[in-house]
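Written below as structure tokens is the structure these notes are about.
In what follows, residues are counted from 1 in the order of the sequence shown. Everything numeric here is computed off the predicted structure, so don't read it as measured data.
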Amino acid sequence: MKFSDRLMTGIMNTAGKVNDNKIIQSIMDSFVVLNPFIILASIATLFTSLICSPKAGLATVHGFEFLVNFNPMFSGIYYGCMNLIALLLAHNMAYNMAKRSGVEPHFGGLLGLVAYVCMNSTNIAVQGQEGVFAVGLSQDVTGSLGMFYAMVIAVLTIMLYSRLNKVEAFKIKMPDGVPANVGKAFSSLIPTCLTILILAAVRFAYNSLTGSELSNLIYNVLQAPLGSLMQTPFGFIGIALFAGVFWILGIHGTAMTSAFTRPLFLAALTKNIELVNAGLAPTEIVTKPFNVLFGGLGGFGCTLGLIVAILLVSKREDERAIAKIALPAGIFEINEPIIFGLPIVMNPIYAIPFILAPVLGTVIGFVATKIGLMPYTYIDVPWVTPPFINAFLASGGSIMAAVVQFIAFAAIVLLYMPFVYISNRVYEKSLREDASENSAD
């Protein structure tokens with residue numbers, strides 16, 4: 001077997017294993033369910049910070065002071081959607097893990113949620129009152145800071161429970177006349193108790209030995225370093241290149257990377273939302289909407305730029321026909337028609353710009369945000385929102401964000417243009433060669 005064939009086989013096998021991994025699949029499914037709540041929290045933030053805020057925005061304009069009265073309503077919506085995100089994630093992750101581990105999903109979701117709560121401190125220090133504690137869960141536990149810890153605990157909970165539940169000695173047998181649902185509840189009693197006790201004992205032991213919470217370890221070792229890496233060019237460029245290579249090979253590159261990037265992008269977004277709600281300036285550039293605005297103009301590969309480049313300079317009727325068909329979908333961030341219709345997959349001409357376009361767009365957006373040309377993104381918008389509109393909304397209503405996105409789009413069109421010319425020349429050459437062969441015959 002040739003080296004190229006072995007390499008392709010190895011990549012395909014790796015991709016298959018990643019796609020079949022139940023932890024990765026559970027992460028992807030868990031975050032998809034959270035999207036409506038994140039968008040709703042973003043909308044609520046827009047109202048609390050720009051419309052109903054007593055300090056700035058429309059409510060400070062004469063005649064609109066009454067809008068301040070609606071601020072508590074939108075603050076409550078924000079709190080319910082965003083400040084409980086770690087709890088929602090603990091349930092969703094455990095639910096999806098249970099579904100793939102032979103455990104009843106609804107029970108698994110509840111078990112993961114309970115386990116996560118048990119794995120955190122319920123004592124909250126009261127400010128200004130030394131030695132006085134309130135009982136409850138802090139926002140660090142329920143909000144975005146607890147996201148990775150929630151996922152880790154959910155996975156460990158279901159893995160441990162599924163193993164214990166297979167031990168026949170731990171199953172309580174009920175008489176035949178007992179209803180099935182009651183018998184099932186008693187059958188899972190000992191594995192459930194042991195799962196919670198073992199996990200709680202691990203947390204207690206760590207806390208006793210270090211004086212710190214296990215959640216701090218997960219945050220400091222996993223979430224914080226990965227989050228910081230994603231906010232650097234090395235991080236977001238590396239992810240874009242990695243995903244692009246898989247797309248060219250015919251593998252859904254976004255699916256391959258989303259299990260890693262979604263938690264990081266969402267954590268960055270929620271941090272910005274929390275800062276804006278607290279009246280502070282956001283700090284994270286690379287967020288979930290930012291990645292869509294500049295790394296996915298028309299879908300991964302920024303293929304809306306390719307469509308426009310083809311319509312502007314291509315003389316190939318087949319490419320122009322495909323571009324016209326793909327344009328409406330591309331405007332709404334759907335790029336499968338152009339990826340598989342052109343095709344881009346395994347296309348040596350368009351592979352280079354397809355991989356580089358997201359890098360170019362993201363770098364332009366990153367630099368523009370860094371130097372203050374456009375504001376940080378803190379509003380999550382549906383991914384099918386057309387370009388320029390999504391930039392305006394994601395930045396809290398900034399025209400400059402839409403302008404910067406247009407600059408990035410124009411640069412991407414220019415990046416694709418030389419390769420469209422090359423595609424035309426290669427096509428014309430093949431036509432001449434075919435005509436020459438036919439005339440020789």
- prompt: What's the verdict on ring pair (Phe, Tyr, Trp, His ring centres under 6.0 Å) for F300 and F354, showing C-alpha distance, side-chain angles and the deciding distance?
  reply: CA-CA 8 Å; F300 188 88; F354 180 83; 5.7 Å; yes

message: Checking S144 against E274 for the side-chain contact (heavy atoms from CB on, under 4.5 Å) test, could you report, in this order, the C-alpha distance in whole Å, the side-chain angles of both residues, the deciding distance, and whether it holds?
response: CA-CA 9 Å; S144 61; E274 289 166 0; 3.2 Å; yes

- prompt: Is there a side-chain contact (heavy atoms from CB on, under 4.5 Å) between M147 and Y219 once you walk through the steps?
  reply: CA-CA 9 Å; M147 287 171 54; Y219 179 81; over 6 Å; no

message: Evaluate L89 against F31 for side-chain contact (heavy atoms from CB on, under 4.5 Å), listing each step before the verdict.
response: CA-CA 8 Å; L89 190 54; F31 277 93; 3.8 Å; yes

- request: Kindly indicate, with the supporting measurements, whether the criterion ring pair (Phe, Tyr, Trp, His ring centres under 6.0 Å) is fulfilled by F246 and F242.
  value: CA-CA 7 Å; F246 274 99; F242 184 80; 4.8 Å; yes

- prompt: Going through the checks in order, is the side-chain contact (heavy atoms from CB on, under 4.5 Å) test met by S121 and R203?
  reply: CA-CA 10 Å; S121 173; R203 179 210 158 223; 3.7 Å; yes

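Each salt bridge (Lys or Arg N to Asp or Glu O under 4.0 Å) pair with one or both residues in residues 257-272, not counting sequence neighbours, appears once here: K271-E284. Legend: side-chain hydrogen bond (donor to acceptor under 3.5 Å, both in side chains) pairs involving residues 235-250, not counting sequence neighbours, sorted by first then second residue: W247-T254. Residue pairs meeting the side-chain hydrogen bond (donor to acceptor under 3.5 Å, both in side chains) criterion with at least one partner in residues 223-238, sequence neighbours excluded, are absent. For residues 24-47, the pairs satisfying salt bridge (Lys or Arg N to Asp or Glu O under 4.0 Å) are D29-R100, with sequence neighbours left out. Screening residues 109-120 for salt bridge (Lys or Arg N to Asp or Glu O under 4.0 Å) gives no qualifying pairs among residues at least two apart or on separate chains. Each side-chain hydrogen bond (donor to acceptor under 3.5 Å, both in side chains) pair with one or both residues in residues 149-166, not counting sequence neighbours, would appear here, but there are none. The salt bridge (Lys or Arg N to Asp or Glu O under 4.0 Å) pairs that include a residue from residues 105-120 number zero, where partners must be two or more places apart or lie in different chains.
Atom CD1 of residue I43 and atom CD1 of residue I77 lie 9.0 Å apart, to the nearest 0.5 angstrom. Rounding to the nearest 0.5 angstrom, the gap separating the CG atom in N335 from the CG atom in L297 is 11.5 Å. Put simply, CG on N71 and OG1 on T48 are 6.0 Å apart, with the number rounded to the nearest 0.5 Å. Summarising the geometry, atom CG belonging to L327 is positioned 10.0 Å from atom CZ belonging to F332; distances are rounded to the nearest 0.5 Å. Here the straight-line distance linking atom CZ of F409 with atom CG of L414 works out to 10.0 Å at 0.5 Å rounding. Interatomic distance, L46 CG to I51 CD1, rounded to the nearest 0.5 Å: 5.0 Å.
Considering all non-hydrogen atoms of both residues, A90 and Y116 come closest at CB-CB, 3.8 Å. Taking each heavy atom of I23 and M93 in turn, the nearest pair found is O-CE, 3.6 Å.
Put simply, the side chain of L111 reaches to within 4.5 Å of the side chain of I196, judged on heavy atoms. Between T192 and L164, every side-chain heavy-atom pair lies at or beyond the 4.5 Å cut-off. Contact check for I38 versus I85: side-chain heavy atoms found under the 4.5 Å cut-off.
Applying the side chain to side chain contact (heavy atoms under 4.5 Å, CB included) criterion to N216, with sequence neighbours excluded, gives S212, E213, N220. Looking at residues two or more places apart in sequence or on another chain, you find no side-chain hydrogen bond (donor to acceptor under 3.5 Å, both in side chains) involving T195.
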Show me the donor-acceptor pairs within less than 3.5 Å that the side chains of residues 362-373 make with the rest of the protein, sequence neighbours left out.
from, atom 1, to, atom 2, distance (Å)
T362, OG1, P358, O, 2.6
T369, OG1, G365, O, 2.8

Donor-acceptor pairs are to be reported for all side-chain atoms of residues 374-395 against protein atoms at under 3.5 Å, with residues two or more places apart or in another chain.
from, atom 1, to, atom 2, distance (Å)
T377, OG1, T287, OG1, 2.6
D380, OD1, K288, NZ, 3.3
D380, OD2, K288, NZ, 2.9
T385, OG1, P382, O, 2.7
N390, OD1, F388, N, 3.4
N390, OD1, Q405, NE2, 3.2
N390, ND2, T385, O, 3.3
S395, OG, A391, O, 2.8
S395, OG, F392, O, 3.2
S395, OG, S398, N, 3.3

What pairs of donor and acceptor atoms, side-chain ones from residues 341-350 against any protein atom, are under 3.5 angstrom apart with sequence neighbours left out?
from, atom 1, to, atom 2, distance (Å)
N347, OD1, I349, N, 3.0
N347, OD1, Y350, N, 3.4
N347, ND2, P343, O, 2.9
Y350, OH, E319, OE1, 3.4
Y350, OH, E319, OE2, 3.1

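With hydrogens and angles left out, the side-chain atoms of T45 and N277 include a donor and acceptor closer than 3.5 Å.
For F74 and F70, the gap between ring centers reaches or exceeds 6.0 Å.
Ring geometry for H91 versus Y95: interplanar angle under 30°, hence parallel rather than tilted (30 to 60°).
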